Protein chains: 2
Amino acid sequence: MPTSKDVARLAGVSQSTVSYVMSGRRPISEKTRKRVEDAMAQLAFQPNAGARALASRRSQVIGLAIPFVPDLHRGSMMGFISVIAASARQSDYDILLVTDDEGPQGLERVVGQQLVDGLIIMQVEGDDARVPVIRNLPVPSVLIGIPEKHEGLKCIDADFELAGQMCVEELAKLGHETVTLVNWQDAVVRRRVNYVKRFHHGVDKAGAATGAKIIHVPGRATIAGMEKAVANALEQTKGVPAFIAPEAANQDLLVEALNNLGLVLGKDVSVVVNCSDSLAERQRIPLTTIDFEPDQVSRRVVQMIVHDLTEPTSRSHEALELIRPVFKHRKSTIRPRPQR
Amino acid sequence: MPTSKDVARLAGVSQSTVSYVMSGRRPISEKTRKRVEDAMAQLAFQPNAGARALASRRSQVIGLAIPFVPDLHRGSMMGFISVIAASARQSDYDILLVTDDEGPQGLERVVGQQLVDGLIIMQVEGDDARVPVIRNLPVPSVLIGIPEKHEGLKCIDADFELAGQMCVEELAKLGHETVTLVNWQDAVVRRRVNYVKRFHHGVDKAGAATGAKIIHVPGRATIAGMEKAVANALEQTKGVPAFIAPEAANQDLLVEALNNLGLVLGKDVSVVVNCSDSLAERQRIPLTTIDFEPDQVSRRVVQMIVHDLTEPTSRSHEALELIRPVFKHRKSTIRPRPQR
DNA sequence: ACGCATCGTCGATACGCATCGACAACCCAA
DNA sequence: TTGGGTTGTCGATGCGTATCGACGATGCGT
């Protein structure tokens, strides 16, 4: 493998000049710059990452803490990861995975070894065990999700409260007087991810504001359970029923349950779910969705940590940024009554 | 951050001794070892990864090339990634992501920079653009998937041919005379991942061997398309119909289509799909599955590359290893006719 | 013509660890 | 008792890059 010294020799300059050509931290004449760049190209030179990290004390790598995820949450997680990795590259950073089964000390390890310059923490729970750890770490970090105690932390997340509000408001606008919220599954609720709470809060708030009655039913893992929950909700419903199922895993169950009851989406009942556009559109009746914009969240997270890493001076102390979700009308919600 | 020199000073030994305590490459007396280890613990010493990589010429990092994945494939991909990352850690390696939108030269970059000691390539297609690149790379690599030209490469994959065989054999054993294979969606087939072909081959082979008639229908993205495909297949079916839907994305569509036709799974019709156990079991009628054992594949891949990295001597030239799938009987296949 | 600041380049050094050669201390066999 | 091997430790050096101080060359105003 060629080194910068080889490049220097070929270009007839000193090694330090080669280094300055790469970093641009000192002026270099057009002539030498060209000579050096030609030499680099000719040798297919790539700077050694280890040496660079050793000398500069920065690795140009960001650690990505991925949680252990059961099955269903996985699809969305993958979206985050690939967008994060791609955006990081655009700022000349690489992504190193830190899995949860190494425990929070995995974070201490990668930072202690100076393998990473900063951390992105995914799927942060209300009382996440990783939070106290990163507080004491000497590198910047950004969280996806919002823990209970987030003073002094940088958090980004979808605005779940606003999402809940938007759903109810849109449904109320369509004329629904009763809205049923199908909760996340117990397993998720138990994990104390507080976005569930935030979504609920938005729903209730908008319910109060619009006068819509809100019914809460638990998210069920089986079709039978879902049918019972739906039947239960229908009994308490006034007017055309509307359902919100923000957890992706519930979506097919809800749709199937309504089908089995003979209710046609977009005609007898309105349904709002959360899933990708492509999935929503390949349904028999394309589903109206509330989109939490995971790509936006991912990009913003990277942007934020890269900022902290490149401008250590203007580093803000803390931040809490909520990404605005998007409500996408499709065919699973009834059209507004004709205004006479 | 403490360095090995600090540890040495505190322990009253030389820096090289500290290094030998860590690596074990020279004998160290019990007494000094203890002194050094105490000093390390006291200072919470962690060796600097950059310096270590520079001096030892190995980074203890494996690059993981993840493809761009549309939506549906994502859930399974996430399973691979987390198992790979976790297994790698058990062998003291970390995982660095290499996304596909950097193109194949992303691989050249991480290797050229000596950021990684080896590569794992996921979702390898028949004529994958990354294959010619890694052939010329001076580090070992292992592929998940099997490209057309795989001489001199190390490939691991599920045994899709055997999987196809197993499905047909099991269904034939249950008394089915006709078996319908719901193909992957066009988008997948077009990607030239040749596991589709291999699965087909297994199905056809077992069809010939058992005398079962095999019907092929295209995988459809919509429920309407699926209903048509199913109806079509039923017309050509003799006896109790059986369906195999190896692509996860087709599974719900197939089940829904059969429901709509009034066919009860496990009674009027047999269905075999490919999905996770938990997903299969939360259906109204638990689904019989063919499990491609992604965790096994992931672990084996890591094991293989770690072997190549740690025993450069006994490095095998090439390898093609197929992981045996598992057929899991549940309730969506009819029970064998009572043997009189 | 002079002094002075800026530009462009070089040499030297540090970064933290792994590894090699050297060597002292020790053990055992002859 | 001595010689040869083993065990345990040290000092020195190298890995490839970034960066600092130095310094000659150049341009400017007066």
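Proteins come first, then strands; the chains are lettered A, B, ... in the order of their sequence lines, and each starts at number 1. Since this is a predicted model, take the numbers as computed values, not measurements.
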Problem - Intermediate values then yes/no, salt bridge (Lys or Arg N to Asp or Glu O under 4.0 Å), B:D38 and B:R35 - result: CA-CA 5 Å; B:D38 287 352; B:R35 281 231 307 288; over 6 Å; no
For the pair made of [atom1] in [X] and [atom2] in [N], what is the distance, rounded to whole Å?
| X | N | atom1 | atom2 | result |
| --- | --- | --- | --- | --- |
| B:R9 | C:dG16 | CZ | C1' | 13 Å |
| A:M40 | D:dT17 | CE | P | 9 Å |
| A:L115 | C:dG16 | CG | P | 15 Å |
| B:I28 | D:dT6 | CD1 | C1' | 15 Å |
| A:D6 | D:dT17 | CG | P | 9 Å |
| B:E30 | D:dG8 | CD | C1' | 13 Å |
| B:Q60 | C:dA18 | CD | P | 10 Å |

Problem - Separation of B:L143 CG from B:L320 CG (nearest 0.5 Å) - result: 9.5 Å
Practice task
Mind checking the CZ-CD spacing from A:R324 to A:E293? Nearest 0.5 Å is all I need.
Solution key: 10.5 Å
Categorize [X] for me: base, sugar-phosphate, or nothing, with a 4.0 angstrom heavy-atom threshold over every strand shown.
| X | result |
| --- | --- |
| B:S23 | nothing |
| A:S14 | base |
| B:P27 | base |
| B:V13 | sugar-phosphate |
| B:S29 | sugar-phosphate |

With a 4.5 Å limit on heavy-atom distance, are the side chains of [X] and [Y] in contact?
| X | Y | value |
| --- | --- | --- |
| A:K149 | A:E151 | yes |
| A:I156 | A:M304 | yes |
| B:Y93 | B:V306 | yes |
| B:L322 | B:I146 | yes |

Handout entry: Donor/acceptor link under 3.5 angstrom from A:Y20 side chain onto base of C:dC7
Key = no
Completion exercise
Given the options A:I62, A:V133, A:V142, A:L107, A:L119 meets side-chain contact (heavy atoms from CB on, under 4.5 Å) only with A:L107
Exercise for the section: Could you check A:Q15 against B:R26 and say which one's nearest nucleotide on DNA chain D is further toward the 5' end? Expected result: B:R26
Exercise for the section: Let me know, please, whether A:M1 or A:S16 comes out on the 5' side of the other along DNA chain D by nearest nucleotide. Expected result: A:M1
Practice task
Using distance alone, with no hydrogens and no angle criterion, decide if B:S19 and B:S16 have a side-chain donor and acceptor under 3.5 Å apart.
Solution key: no
Problem - Any residue of residues 50-58 of chain A with a heavy atom less than 4.0 Å from an atom of DNA chain D - result: A:A51, A:R52, A:A55, A:S56
Completion exercise
Pairing string of DNA chain D (Watson-Crick or G-U wobble, both atom distances under 3.5 Å; | = paired to other strand) is ||||||||||||||||||||||||||||||
Compare side-chain N and O positions of [X] against OP1 and OP2 of [N] and report whether any pair is under 4.0 Å apart.
| X | N | value |
| --- | --- | --- |
| B:S19 | C:dA18 | yes |
| A:R25 | D:dT19 | yes |
| B:T17 | D:dC10 | yes |

Problem - Atom CZ of B:R25: over 12 foreign heavy atoms under 6.0 Å - result: no
